[in-house]
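Just so we're on the same page: letters track the sequence lines, and every chain starts at 1. Computation of the quantities below employed the complete heavy-atom set of this structure, encompassing side-chain atoms and omitting hydrogens, waters and symmetry-equivalent molecules.
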Number of protein chains: 2
Amino acid sequence: MPEAQSPTRKRIVDAATRLFYAEGIGRVSVDAVAEEAGLTKRTLYYHFKSKDDLIAAYLDGRDQPNLKRMAGWFEAGQGGVDKKVEAIFTDLARATRHPKWKGCGFLRTAAELASMPGHPAVKAGARHKSNFETWLGTELSGHDIEEPRALAREIVLLIDGCFSIMLIHRNPDYVEAAGRAAATLVRARMSVSQVQG
Amino acid sequence: MPEAQSPTRKRIVDAATRLFYAEGIGRVSVDAVAEEAGLTKRTLYYHFKSKDDLIAAYLDGRDQPNLKRMAGWFEAGQGGVDKKVEAIFTDLARATRHPKWKGCGFLRTAAELASMPGHPAVKAGARHKSNFETWLGTELSGHDIEEPRALAREIVLLIDGCFSIMLIHRNPDYVEAAGRAAATLVRARMSVSQVQG
DNA sequence: TTGTGTATATTCACTAGTCGGTATACTTAG
DNA sequence: CTAAGTATACCGACTAGTGAATATACACAA
């Protein structure tokens, strides 16, 4: 039985991450992942029982890095909580301009697997999105906001709207527009004194 | 040269629509589409020069039906313009409960083709999304709303957020939450007298 | 009315290559 | 000797796309 922390396994997941994110899970063969990792397909199948398994491992590995990136954007935002939320979108707009940016790996995988709702990779995506929503709700809780968890959900919807529509239009103006909408939603739930101050 | 309005061509597009929407473009072979249409693959290739061509035709054929469906939901909404917007989300939430619902075909196709931004099917999706945004902006224009086109864009972002996140969570509560957020955004741009009245 | 030419439309059989996955054997470390 | 890990070589099924033949329908001439 393979080790869960094997360096070989990590090499495989890293290679899968590069290819799956760049091309999509359906357009990348197991052979291609093995070659990118510098080993044979049989070795890959020693560490993962199936391609579906590998896809799930790819997404599980993206959970914490993605959360930390978003949290960094939020925390670096200057001003009130509405501005910190808007900062997420400003930095996301910048990220979408990178030529290697291909949207959200979790959402793209879920879209490819829409006919298999119980797929382990979809579940990994659900865990990640819930983690993010929970984290944002907690952040909003300390700022005199009504129903911070409901607000977090609304912001999550705008962020995921950006991810998907950007794959169609490739126009960062949509991300900026979403940021302004998010700030409006934040202020709608802030106390009057806070909005005016 | 094949006719653009050929009934055979329509049969092929209808078959492709059923299969591509149900399974995703990457998981459906040209052979499968031909069999669903009740003819041979060679005939299909007489009417379409490639699979990519067929995918684009599939999405072009969904533009008007999808627009009409959304417009119907909006127009049937009772109350002010904020309520009519919210009605879109209420009806969308109902639609997502149908077992055959698999998200937005335009967004799912764009997600599958994220590494090919100039693909004709992605362009077809961009046309459709722009058509919808323009239609919504026009509807909002007659209702004493500031910057109706900016508001339309914000609502589009929430709708597409619903489409994508629903593929992950399969929980219509997200669509209802998006509807409330959209109504909030509408009221933020309505004149005071209108909000109070 | 019959025969011929032509464009449209369709089929069968096939190519060359890729897919996920595996049987078997080898190497190396404990 | 044993077990973990890796390699070569292969499997049957499927992939998008094509070559060559054929069916169908209609126009027009004898």
When all nucleic acid strands are considered with a 4.0 Å heavy-atom cut-off, which category describes [X]: base, sugar-phosphate, or nothing?
X	result
A:Ser50	sugar-phosphate
A:Val28	sugar-phosphate
B:Ser29	sugar-phosphate

Among A:Arg180, A:Arg187, A:Arg189, whose salt bridge (Lys or Arg N to Asp or Glu O under 4.0 Å) with A:Asp82 holds?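 Of the listed residues A:Arg180, A:Arg187, A:Arg189, the salt bridge (Lys or Arg N to Asp or Glu O under 4.0 Å) partner of A:Asp82 is A:Arg187.
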
Which whole-number value in Å describes the distance from [X] [atom1] to [N] [atom2]?
X	N	atom1	atom2	value
A:Arg11	D:dG5	CZ	C1'	12 Å
B:Tyr45	C:dC12	OH	C1'	16 Å
B:Leu44	D:dT15	CG	C1'	14 Å
B:Tyr46	D:dG17	OH	P	18 Å
B:Leu39	C:dT8	CG	P	19 Å
A:Ile25	C:dC19	CD1	P	14 Å
B:Glu35	C:dT10	CD	P	17 Å
A:Arg9	D:dT6	CZ	P	13 Å

Quick check: B:Phe74 with B:Trp135 (ring centres under 6.0 Å apart)?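 That pair passes the under 6.0 Å test.
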
Donor-acceptor pairs under 3.5 angstrom involving side-chain atoms of residues 25-38 of chain B: please list them, not counting sequence neighbours.
residue, atom, partner, partner atom, Å
B:Ser29, OG, B:Ala32, N, 3.0
B:Asp31, OD1, B:Lys41, NZ, 3.4
B:Asp31, OD2, B:Lys41, NZ, 3.3
B:Glu36, OE2, B:Arg18, NE, 2.7
B:Glu36, OE2, B:Arg18, NH2, 3.2

Nearest of [options] to any side-chain atom of [X]?
X	options	result
A:Thr40	D:dA7, D:dA16, D:dG5	D:dA7
A:Val30	D:dG17, C:dG20, C:dC12	C:dG20
A:His47	D:dG17, C:dT8, D:dT6	D:dT6
A:Lys51	C:dG20, D:dG5, D:dG17	C:dG20
B:Asp31	C:dT11, D:dA16, C:dG20	D:dA16

Starting from the 5' end of DNA chain C, give me the residue, B:Thr43 or A:Lys49, whose nearest nucleotide shows up first.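 Between the two, 5'-proximity favours B:Thr43.
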
State whether the distance check finds a donor on one side and an acceptor on the other, under 3.5 Å, for side chain A:Lys41 versus base C:dG21.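 Such a pair exists between side chain and base.
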
Under 3.5 Å, is there an N or O donor on one side and an acceptor on the other linking the side chain of B:Arg42 and the base of D:dG17?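 Checked by distance alone, the answer is no.
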
Inspect the contact between A:Asp91 and A:Arg94 and indicate whether a charged nitrogen and a carboxylate oxygen are less than 4.0 angstrom apart.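 Salt bridge flag = yes for A:Asp91 with A:Arg94.
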
Quantify the bending of the helix from C:dT1-D:dA30 to C:dG30-D:dC1 as the angle between its end axes, each fitted on five pairs, to 10°. 10°

Please report the shortest heavy-atom distance between A:Ile55 and A:Ala121, naming the atom on each side. CG2-CB, 3.5 Å

Is a side-chain donor-acceptor pair under 3.5 Å present for A:Glu133 with B:Tyr174? yes

In terms of side-chain heavy atoms, does A:Thr43 have a donor or acceptor partner in A:Thr40 at a distance below 3.5 Å?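 Their side chains do contain a donor-acceptor pair, which is all the 3.5 Å distance test asks for.
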
Measuring from atom NE2 of A:His169 to atom OG of A:Ser164, what distance do you get when rounded to the nearest 0.5 angstrom?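 OG of A:Ser164 is found 10.0 Å from NE2 of A:His169.
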
